[in-house]
There are 2 protein chains.
Amino acid sequence: MKYEKKIPMRKDCGLHLFKELLNGKWKLMLIYYISTGFKRPGELQRKICTADRRVLANQLNELVVHGFVSKVIFDTKVPKVEYELTDLGKSLLPVILNLEAWGESNRAVLERALTV
Amino acid sequence: MKYEKKIPMRKDCGLHLFKELLNGKWKLMLIYYISTGFKRPGELQRKICTADRRVLANQLNELVVHGFVSKVIFDTKVPKVEYELTDLGKSLLPVILNLEAWGESNRAVLERALTV
DNA sequence: CCTTATAGGGATTAATTTATGCGTACTTGC
DNA sequence: GCAAGTACGCATAAATTAATCCCTATAAGG
């Protein structure tokens, strides 16, 4: 059962489009890791081990529904699933790397800010 | 009274540093508008008129506390306040413009994604 | 047979963030 | 005096997001 929003979404600028779709706690990280070759749910979960399995699964599902990631289900005896980035997902990589670079290059001051 | 987090903050990568500090609904927009010359609380509120005054004030206060914005209080008869970007706030502008550009250049597909 | 691994999910609670109700205080202009 | 403008803030409710509880099912390895 999908959660129905009560307050309308904001689509008035690119910042809000980004936020409405990619605000999830692990979404950008998932896209990044998928881009670096971690494609299977189990792999991703081990990579992001502080996140609960179901939270990651929910975020991955949303990424699929919104068209950032596609899900490939293999018809093998033992269940096997792989995620891969769509073109839309790939278009996000430069943005993610930019965000990551900003954060890392300001790490010292940002960590101090977090303690205030 | 500041809200005390019960779940520890994630500082493990630049993406999380960014998110912990700038996840607020209007924060990036406020930084952007301040950079374009809208410096006073009233101006900003009229510019972002769908947001409640108190919500904007809270987000501005956090931006000040975290060092993205500084607040100048003029000692005039009629209250007058101006915000301006710190160096840290300015360092964020390219990132914001990058996000905004990504969102706008993918607007069509993103708006469709929001309806799913 | 039992453990570990694969992958999944509905229902509920907890945590966090945003919105709102109801105030303060001062000044200018009519 | 009163309305409108400047700016601010506590306390609470509502909305949203994340975390957790308790499950299913199959296969391989020992």
Side-chain angles (χ1 to χ4, degrees), chain A residues 1-10 15-16 18-30 34 38-66 69-83 114, chain B residues 1-10 15-16 19-30 34 38-66 69 71-83 114:
Chain A
M1 295 301 106
K2 195 188 164 193
Y3 175 73
E4 296 290 341
K5 293 208 174 179
K6 295 179 183 170
I7 292 180
M9 286 175 288
R10 310 172 302 276
L15 293 174
H16 279 160
F18 174 84
K19 196 162 198 307
E20 290 287 354
L21 289 163
L22 294 159
N23 196 28
K25 189 164 179 173
W26 308 99
K27 284 183 178 178
L28 297 183
M29 224 168 176
L30 285 168
I34 292 171
F38 298 94
K39 297 164 177 286
R40 302 186 57 186
E43 285 178 335
L44 290 164
Q45 204 224 311
R46 280 187 292 275
K47 202 71 189 160
I48 310 179
C49 58
T50 57
D52 182 77
R53 171 183 69 76
R54 275 146 298 182
V55 174
L56 287 184
N58 286 342
Q59 309 245 328
L60 282 164
N61 285 159
E62 283 188 23
L63 289 174
V64 170
V65 167
H66 289 149
V69 166
S70 59
K71 179 176 184 171
V72 184
I73 303 174
F74 292 88
D75 189 20
T76 50
K77 339 88 204 183
V78 170
K80 178 175 175 183
V81 166
E82 281 187 7
Y83 293 100
L114 282 176
Chain B
M1 294 299 106
K2 195 186 163 192
Y3 175 73
E4 296 290 340
K5 294 209 172 178
K6 295 180 182 169
I7 292 178
M9 286 176 288
R10 309 173 303 277
L15 293 174
H16 279 161
K19 196 160 198 307
E20 291 286 355
L21 288 163
L22 294 159
N23 196 29
K25 189 165 180 174
W26 309 99
K27 283 184 178 177
L28 297 184
M29 224 167 178
L30 286 168
I34 292 171
F38 298 94
K39 297 166 176 286
R40 303 188 54 188
E43 286 178 335
L44 290 164
Q45 204 223 313
R46 280 187 293 275
K47 203 70 190 162
I48 310 179
C49 59
T50 57
D52 182 77
R53 171 184 69 76
R54 279 146 298 182
V55 174
L56 288 184
N58 285 342
Q59 309 246 327
L60 282 164
N61 285 159
E62 283 188 23
L63 289 174
V64 170
V65 168
H66 290 148
V69 167
K71 179 177 186 173
V72 184
I73 303 175
F74 293 87
D75 189 20
T76 49
K77 337 90 205 184
V78 171
K80 177 175 174 182
V81 166
E82 282 187 5
Y83 293 100
L114 282 176

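Just so we're on the same page: letters track the sequence lines, and every chain starts at 1.
- Rounded to whole Å, the distance from CD on E62(B) to P on dG9(D) is 13 Å.
- Picking from dC8(D), dA15(C), dT16(D) the nucleotide with the shortest atom distance to the side chain of Y3(A) gives dT16(D).
- The residue among A57(B) and N23(A) whose nearest nucleotide of DNA chain D lies closer to the 5′ end is A57(B).
- Here dT17(C) presents its P atom at 15 Å from CZ of R10(A), a figure rounded to the nearest Å.
- Atom pair K39(B):NZ and dA7(D):C1' shows a separation of 18 Å (rounding to whole Å applied).
- Between Q45(B) atom CD and dA7(D) atom P there is a gap of 10 Å when expressed in whole angstrom units.
- In this structure, M9(B) atom CE and dT17(C) atom C1' are separated by 15 Å, rounded to whole Å.
- With rounding to the nearest 0.5 angstrom, the CG atom of N58(A) is 14.5 Å from the OH atom of Y3(A).
- The NZ atom of K27(A) lies 15.5 Å from the CE atom of M29(A); values are rounded to the nearest 0.5 Å.
- Between K19(A) and I73(A), it is I73(A) whose nearest contact on DNA chain C lies nearer the 5' terminus.
- The nucleotide whose nearest atom lies closest to any side-chain atom of K5(B) is, among dG8(C), dA19(D), dT17(C), dT17(C).
- Distances shown here put a side-chain N or O of K71(A) below 4.0 Å from the OP1 or OP2 atom of dG8(C).
- At a threshold of 4.5 Å between non-hydrogen side-chain atoms, the residues V55(B) and K25(B) do not count as touching.
- Sorted by residue number, the members of residues 48-56 of chain B with any non-hydrogen atom under 4.0 Å from DNA chain C read D52(B), R53(B), R54(B), V55(B).
- Straight-line distance from the CZ atom of F74(B) to the P atom of dG5(D): 22 Å, rounded to whole Å.
- Of the side-chain N and O atoms in Q59(B), one or more sit less than 4.0 angstrom from OP1 or OP2 of dT18(C).
- Of the residues listed (L63(A), V72(A), I34(A), L30(A)), the one engaging Y83(A) in a side chain to side chain contact (heavy atoms under 4.5 Å, CB included) is I34(A), and it is the only one.
- Minimum atom distance to the side chain of R40(B) is reached by dT6(D), of the listed dG8(C), dT17(D), dT6(D).
- Among the nucleotides dA15(C), dG8(C), dA15(D), the one closest to any side-chain atom of K6(B) is dA15(C).
- Between E82(B) atom CD and dC8(D) atom P the separation is 12 Å, expressed in whole Å.
- In this structure, R10(B) CZ and L15(B) CG are separated by 10.5 Å, a value rounded to the nearest 0.5 Å.
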Just the atom pairs and distances: protein N or O near nucleotides 28-30 of chain C's N or O, under 3.5 Å.
none

- Message: Assess the residue pair K5(A) and E20(A) against the criterion (side chain to side chain contact (heavy atoms under 4.5 Å, CB included)); give the C-alpha distance rounded to whole Å, side-chain angles, the decisive distance to 0.1 Å, and a yes or no.
- Response: CA-CA 11 Å; K5(A) 293 208 174 179; E20(A) 290 287 354; 3.1 Å; yes
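- Taking side-chain N and O atoms only, K80(B) has no distance below 4.0 Å to OP1 or OP2 of dT27(C).
- For R46(A), the side-chain atoms get nearest to dT6(C) when compared with the rest of dT6(C), dA19(C), dA7(C).
- K19(A) places a side-chain heavy atom less than 4.5 Å from the side chain of N23(B).
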Using a 3.5 Å cut-off and no angle test, enumerate the donor-acceptor pairs between side-chain atoms of residues 41-48 of chain A and protein atoms at least two apart in sequence or in another chain.
unit_1	atom_1	unit_2	atom_2	d
E43(A)	OE1	K39(A)	N	2.9
E43(A)	OE1	R40(A)	N	3.0

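- The side chain of P41(B) approaches dA7(D) more closely than any other nucleotide in the set dA7(D), dG8(C), dT16(D).
- Comparing dG8(C), dT26(D), dC8(D) against the side chain of P79(A) picks out dT26(D) as the nearest.
- In this structure, E20(A) places its CD atom 13 Å from C1' of dA15(D), rounding to the nearest Å.
- Here the straight-line distance linking atom NE2 of H16(A) with atom CG of L114(B) works out to 12.0 Å at 0.5 Å rounding.
- When atom types are taken as modelled, the side chain of K71(B) and the backbone of L60(B) share no donor-acceptor pair closer than 3.5 angstrom.
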